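I have placed the structure first, in the form of structure tokens, so that the comments after it can refer back to it.
Remember, it's a predicted structure, so these values are computed and weren't measured experimentally.
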Amino acid sequence: MRGLGAMKKFQRASALAATILVLTACSGTGQDDDGDSGEDADLTIAVVTHGAPDDAFWTVVQNGAERAGDDLGVAVEYNSSDDVVRQAELIDTAVSQEVDGIVVSMADPDGLREAVTAAVAAGIPVVTINSGLDQSAEYGALTHVGQSETIAGEAAGERFKELGAGKVICVVHEAANIGLQQRCDGATEGFGSEVETLQVDGTDRGTVAETVLAELQSDESADAVLALNADVALGAVQAVQDAGREVTVGTFDLSSDLLAAVEDGSVEFAIDQQPYIQGYLGVQFLYLKGINGNDVGGGQPVYSGPAFVTKENAAEVAEYADNKTR
């Protein structure tokens with residue numbers, strides 16, 4: 001009898017296992033037998049940023065967006081221009097192509113208002129990233145992915161205050177970029193006294209170094225420089241070396257060369273807004289909207305930063321920067 005009971009138990013277990021396999025195969029996973037999603041195969045998402053050609057920062061954003069496309073099985077069409085008129089045209093083109101969603105950075109929100117609101121009016125969901133947090137909801141975007149430039153600036157100002165700086169120069173490399181001014185204004189709040197703004201040509205590191213050097217030579221009370229991107233920070237490092245005096249350099253954003261400067265102490269800190277996340281989540285949120293009607297963020301932005309990189313963790317972050325994902 002014991003042998004028969006064991007056989008019946010085995011038969012019941014086998015039947016249960018077969019049932020589970022059938023249910024798993026028929027469950028609503030949205031995947032075919034080959035693992036490809038059947039729901040998302042036809043989605044096309046346009047990503048339109050204000051990055052200049054070959055800009056290291058925007059390469060990371062693009063890599064994040066394209067990785068999301070690969071992971072989720074959607075087509076990602078990435079375009080960029082540092083000319084706001086051209087950027088608006090790229091958005092209009094995406095609308096005319098009836099894409100399933102648009103990810104857009106808004107360094108000049110006023111210049112993109114018409115294009116972005118027209119996309120929303122056409123029924124195309126929009127997610128803003130990087131710049132334009134304050135205007136994102138107003139223009140009808142689902143959410144914004146990035147950091148609060150004001151909060152990040154405050155964190156930078158507080159860090160300079162902790163380091164004992166007396167006067168900070170905030171180096172602005174894009175005159176029309178509202179987010180950069182917000183960083184400087186935030187630094188003033190965090191530092192507790194006025195932070196002087198210095199305009200430079202951010203397209204040429206040598207010119208940046210010359211401009212910062214001239215400022216340091218004309219104002220010996222300035223003992224700290226806040227750069228707003230990695231390449232400008234490296235120009236500031238050169239200026240400090242040429243000036244031949246103690247000046248603390250901090251910056252926003254990363255590159256492999258910048259992280260090496262953090263490791264050797266030439267740059268005290270870098271604030272990482274994690275641009276890979278901005279590209280990735282921008283695409284992912286529109287994917288979820290497309291396949292399941294989800295609105296992510298609850299009307300609030302999704303923060304990707306700020307995260308501080310210092311000598312203590314620079315080597316770890318550098319591994320990812322070498323892969324162009326940080």
Problem set entry | Close side-chain approach of Val309 to Leu259, heavy-atom, < 4.5 Å | yes
Nearest heavy-atom approach of Pro275 to Val60 is CG-CG1, 3.7 Å
Query raised in the report: With a 3.5 Å cut-off and no angle check, do the side chains of Asn177 and Gln181 form a donor-acceptor pair?
Result: no
Query raised in the report: What do the steps show when you test Val104 against Thr49 for side-chain contact (heavy atoms from CB on, under 4.5 Å), and what is the final call?
Result: CA-CA 5 Å; Val104 59; Thr49 74; over 6 Å; no
Report task. Indicate if Leu142 and Ile102 have the same hydrophobic cluster label, given that clusters are the connected sets of ILVMFWY residues with side-chain heavy-atom separations under 4.5 angstrom. Result -> no
To the nearest 0.5 Å, atom NE2 of His50 lies from atom CG of Leu90 at 13.5 Å
| message | In the structure I gave you, are the side-chain heavy atoms of Glu196 and Glu215 within less than 4.5 Å of one another anywhere? | response | yes
dist Asp231:CG -> Ser255:OG (nearest 0.5 Å) comes out at 7.0 Å
- pair Gln182-Asp134: side-chain heavy atoms closer than 4.5 Å: yes
On a heavy-atom basis, the closest approach of Gly146 and Gln278 is CA-NE2, 3.8 Å
- Query: Can you get from Val61 to Val84 by hopping between Ile, Leu, Val, Met, Phe, Trp and Tyr side chains that sit under 4.5 Å apart?
  - Reply: no
Apart from Val168 itself, members of its ILVMFWY cluster (side-chain separation under 4.5 Å) are Phe160, Leu163, Val172, Leu180, Phe191, Val195, Leu226, Leu228, Phe252, Phe269, Ile271, Phe308
- Do Asp100 and Ile124 have side-chain heavy atoms sitting under 4.5 Å apart? no
Side-chain contact, heavy-atom cut-off 4.5 Å: Thr248 with Val225?
no
Nearest heavy-atom approach of Ala233 to Val249 is O-CG1, 4.3 Å
Correct closest heavy-atom pair for Val120 and Gly140 would be CG2-O, 3.8 Å
inquiry  = In the structure I gave you, are the side-chain heavy atoms of Asn79 and Gln87 within less than 4.5 Å of one another anywhere?
reply    = no
Q) Shared ILVMFWY cluster between Leu213 and Val200, side chains joined below 4.5 angstrom? A) no
- prompt: Should Lys161 and Glu158 count as an ion pair when the cut-off is N to O under 4.0 Å?
  reply: no
Q. Is it the case that one hydrophobic cluster holds both Tyr303 and Val283, taking links as side-chain heavy atoms less than 4.5 Å apart, direct or via other members?
A. no
Here the side-chain hydrogen bond (donor to acceptor under 3.5 Å, both in side chains) pairs for residues 136-146, sequence neighbours left out, are Arg113-Glu138, Thr128-Ser136, Thr128-His144
Inset, instruction - With the side chain counted from C-beta on, respond yes when Phe285 and Pro125 share a heavy-atom pair under 4.5 Å apart, and no when they do not. - result: no
Looking at Asp219 and Lys167, does any basic side-chain N land under 4.0 Å from a carboxylate oxygen?
yes
side-chain contact (heavy atoms from CB on, under 4.5 Å) test vs Leu286 passes for just one of Val76, Asn294, Val127, Ile291, namely Val127
Here the pair of heavy atoms bringing Leu254 nearest to Ala270 is CD2-CB, 3.5 Å
task = Verify the neighbour count for atom CZ of Arg205: are there more than 12 heavy atoms of other residues, nucleotides or ligands below 6.0 Å?
result = yes
- Establish whether Leu43 and Val48 are linked, either directly or via other cluster members, by ILVMFWY side-chain heavy-atom contacts under 4.5 Å. no
Quick check: does any side chain N or O of Asp253 sit under 3.5 Å from a backbone N or O of Ala230, one acting as donor and the other as acceptor?
-> no
* So, does Asn63 use its side chain to make a donor-acceptor pair with the main chain of Thr325 at under 3.5 Å? -> no
Note: Leu133 and Ser148 closest approach over all heavy atoms is CD1-CA, 4.2 Å
- request: Could you tell me whether the side chain of Gln62 reaches within less than 4.5 Å of the side chain of Glu66, counting heavy atoms only?
  value: yes
